[in-house]
Amino acid sequence: MIRKLLVANRGEIARRVFATCRALGVETVAVHSDADAAEPFVGEADQAVRLPGATPAETYLRVDLILEAARRSGADAVHPGYGFLAENAEFAAAVTDAGLTWVGPPAKVIAAMGDKLAAKALLADAGVPMLPSWTDTDGISDFPVLVKASAGGGGRGMRIVRDAAELAEAVASARREAAAAFGDGTVFIERYVERGRHVEVQIFGDTHGRVVALGDRECSIQRRHQKIVEEAPAVVPERVRTALHEAAVAAGRAVEYLGAGTVEFLLAPGGEFFFLEMNTRLQVEHPVTELCTGLDLVGLQLLVAEGEPLPATLPVSAGHAIEVRLCAEDAGAGWRPATGTLHRFTAPAVAAEFGGLAGPGLRLDSGVVAGSVVGVHYDSMLAKLVAWGRTRAEATRMLSTALTRAELHGVTTNRDLLVRVLRSPAFAAVEIDTGFLDRHPEVFAPLLPADRLPITALAAALAAAAQRRATAPVLSGLPSGWRNVPAVPQTTRFAGPDGAEIEIRYRLDRTGGLADWSGTSAVENSAEPPTAPSVALVEASPQRVVLDVDGVRCAYRVHRVGSAVFVDGPDGAASLVELPRLPLPTAEVAAGSLLAPLPGAVTRVHVQVGQRVSAGEPLLTLEAMKLEHPVLAPTDGVVAELPVPAGGQVRTGAVLAVIDGSPAAGDLATSNPEEDPR
């Protein structure tokens, strides 16, 4: 029986495992890097062991450090979470060889399924349907195809290729990303199925030879081949569901599976399905299965690891659960990861954390809390918000409303995108597949309409005025800026969410009411500018402003941190920065400078100084949060500067390149060296 469990992972999954351990009376051990020393998962463990090293590769992925931490803490078992170590056969073998209980499938099973090419061959013999695949690009004539990493998952090392001319670069790029992520750059190529759906089956095996299916999940809505919305059960015909479960169990039996695992399939529009991969670990999206079955999958993992059989009778899936992955990223800027401090992180009406629900409601599995610092070393996922309802529509409404009302301050997230996906007619009609986001660009629009941004900024300005009145040493009872004789209005300037300046002008009367106001709008330059709404001030405090907008009362929650102002209102949320009235001089950067949006490493430089480039042409590749991010030329011009070589590390705001777009620059341009006839 397991007495003390070490979790060889961090963040949300470590907290999730600890929650089950507390319920079962199992002691817990956390391991952490220096950067994570103050994170919630460290404080929630009974013991914690520091892992030396400055990067994840030197900390969480070091098998020797994990085993030494287990020895020092007296742990008798290791749970790998769902990071890379969870699918590392050498790690599983090392844990077992050290005399510790491994919470997962045996090393031989991990090895067999870790090589996707070998897994496809093995499971094809077991009758599991397969897509045609290739390892040699010379044999490919039909497009589109999908380049995939053989040694890992999570969308890393994966590229869709629609034309033969793009294949070589896609393979090279996938190999680089796979090698960086998994230490193995081996890739293979599969036929790509248009409008395919990603459906997976949760399986469990025990030491007594039993393998069962515990339901299925729909995971088709993805960005960069990584899931962001998952639900259970998948909306498929019962005959398809039965066939999927049978194929998944056959795959598990073929490898004598043990513990929690997921068999992933690609479902074609006609109902035909094909094996994608088997994940030999607990999946990120396991909460939707837990809410529909009432099972604690982590508890079942521990039960099986102790040699106990699975329960003779397993529950039938009921209701519908939907999960969204809340990520620190800017969806409208090519999924650019975001960093910073979470000044506030709350979601309303959450009924459970890391556990089941007594009825319809919301569950939050989060790796962060207010005050957490989001860096560049790890995956961008912050938390998972999950809703369970009696029907799919009920769960959708509950989840989208909770997301809209959540207060997420300090770090850019994909919240607005998730809400728009959940509220889209296509999602309601289950018209979904892995290309959903490509076909529905409308979901990338922010929730807050551009013409409502000035009103939101007005609320921020009035809250600031209320704060000044509340802290004024004298005459605090007078309205801010009030005079006996009408004078110039109060003026407050903000930088909006897109960096554009918003100027708010307002006057208060002797009663503190709003006499008049005006504000800039992103749509003022349109052919028919909208009519400015009539606004009356109902009440204002430093944290809450209530406005009557065209006869509709609207409440705004305002949270200020330094010059940053976060406003949550009925139309959506906005992050503003109040600009100083007398700004200090700042250092100028050269015109045409491209600045690093976040810290990272320059992995490749595609051009050289003096080369003529076109708008949209790749200049260099920046790697951050485990993903490659191309830096593109914003305009036609000539490369004037490339201050960072390949392999160089950069901080946020560092100059990556300078493009000279002036007409004179063309006379100085050199040809691309790869095309130079000399």
Side-chain angles (χ1 to χ4, degrees), residues 54-57 147 156-157 159 161 165-181 185 224 329-330 332-340 375-377 380 412 498-499 585-678:
T55 67
V147 182
R156 295 177 179 88
R159 304 286 189 276
V161 183
E166 303 170 357
L167 186 57
E169 173 55 29
V171 169
S173 177
R175 282 176 175 159
R176 288 193 305 271
E177 191 168 281
R224 300 187 71 166
E329 61 190 19
D330 188 342
W335 310 106
R336 186 176 66 204
T339 59
V376 297
H377 298 299
S380 63
T412 301
D498 60 356
T586 58
E588 292 187 0
V589 296
S593 295
L594 296 176
L595 308 182
L598 73 169
V602 174
T603 56
R604 295 186 71 199
V605 178
H606 306 283
V607 296
Q608 62 179 262
V609 173
Q611 182 176 329
R612 182 183 291 108
V613 294
S614 302
E617 185 174 340
L619 303 178
L620 49 88
T621 300
L622 184 68
E623 183 179 300
M625 286 188 172
K626 302 182 181 179
L627 294 174
E628 288 189 342
H629 306 276
V631 176
L632 309 178
T635 185
D636 295 349
V638 174
V639 179
E641 295 181 35
L642 287 170
V644 185
Q649 297 285 329
V650 296
R651 296 178 178 273
T652 301
V655 177
L656 299 174
V658 178
I659 303 299
D660 186 348
S662 65
D667 299 333
L668 304 176
T670 61
S671 61
N672 188 322
E674 297 179 358
E675 301 173 351
D676 195 327
R678 294 176 295 175

What residues form a side-chain contact (heavy atoms from CB on, under 4.5 Å) with [X], not counting sequence neighbours?
X: A179; value: none
X: E641; value: P643, V658
X: T621; value: T603, R604, H606, E628

Over all heavy atoms of both residues, which pair between [X] and [Y] is shortest? Give the atoms and the distance, please.
X: Q649; Y: A601; result: NE2-CB, 3.4 Å
X: V607; Y: P618; result: CG1-O, 3.9 Å
X: V644; Y: V655; result: CG2-O, 3.7 Å
X: A615; Y: D636; result: N-OD1, 2.7 Å
X: S614; Y: A633; result: O-CB, 3.5 Å
X: T412; Y: A338; result: O-CB, 3.6 Å

Rounded at 0.5 Å granularity, tell me how far [atom1] in [X] sits from [atom2] in [Y].
X: L594; Y: I659; atom1: CG; atom2: CD1; answer: 6.0 Å
X: L656; Y: L620; atom1: CG; atom2: CG; answer: 5.5 Å
X: E617; Y: R612; atom1: CD; atom2: CZ; answer: 11.0 Å

Side-chain heavy-atom pair R224, E329 within 4.5 angstrom cut-off: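 Result no, sub-4.5 Å side-chain heavy-atom pair not found.
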Step-by-step side chain to side chain contact (heavy atoms under 4.5 Å, CB included) determination, V147 to L167: CA-CA 9 Å; V147 182; L167 186 57; 4.3 Å; yes
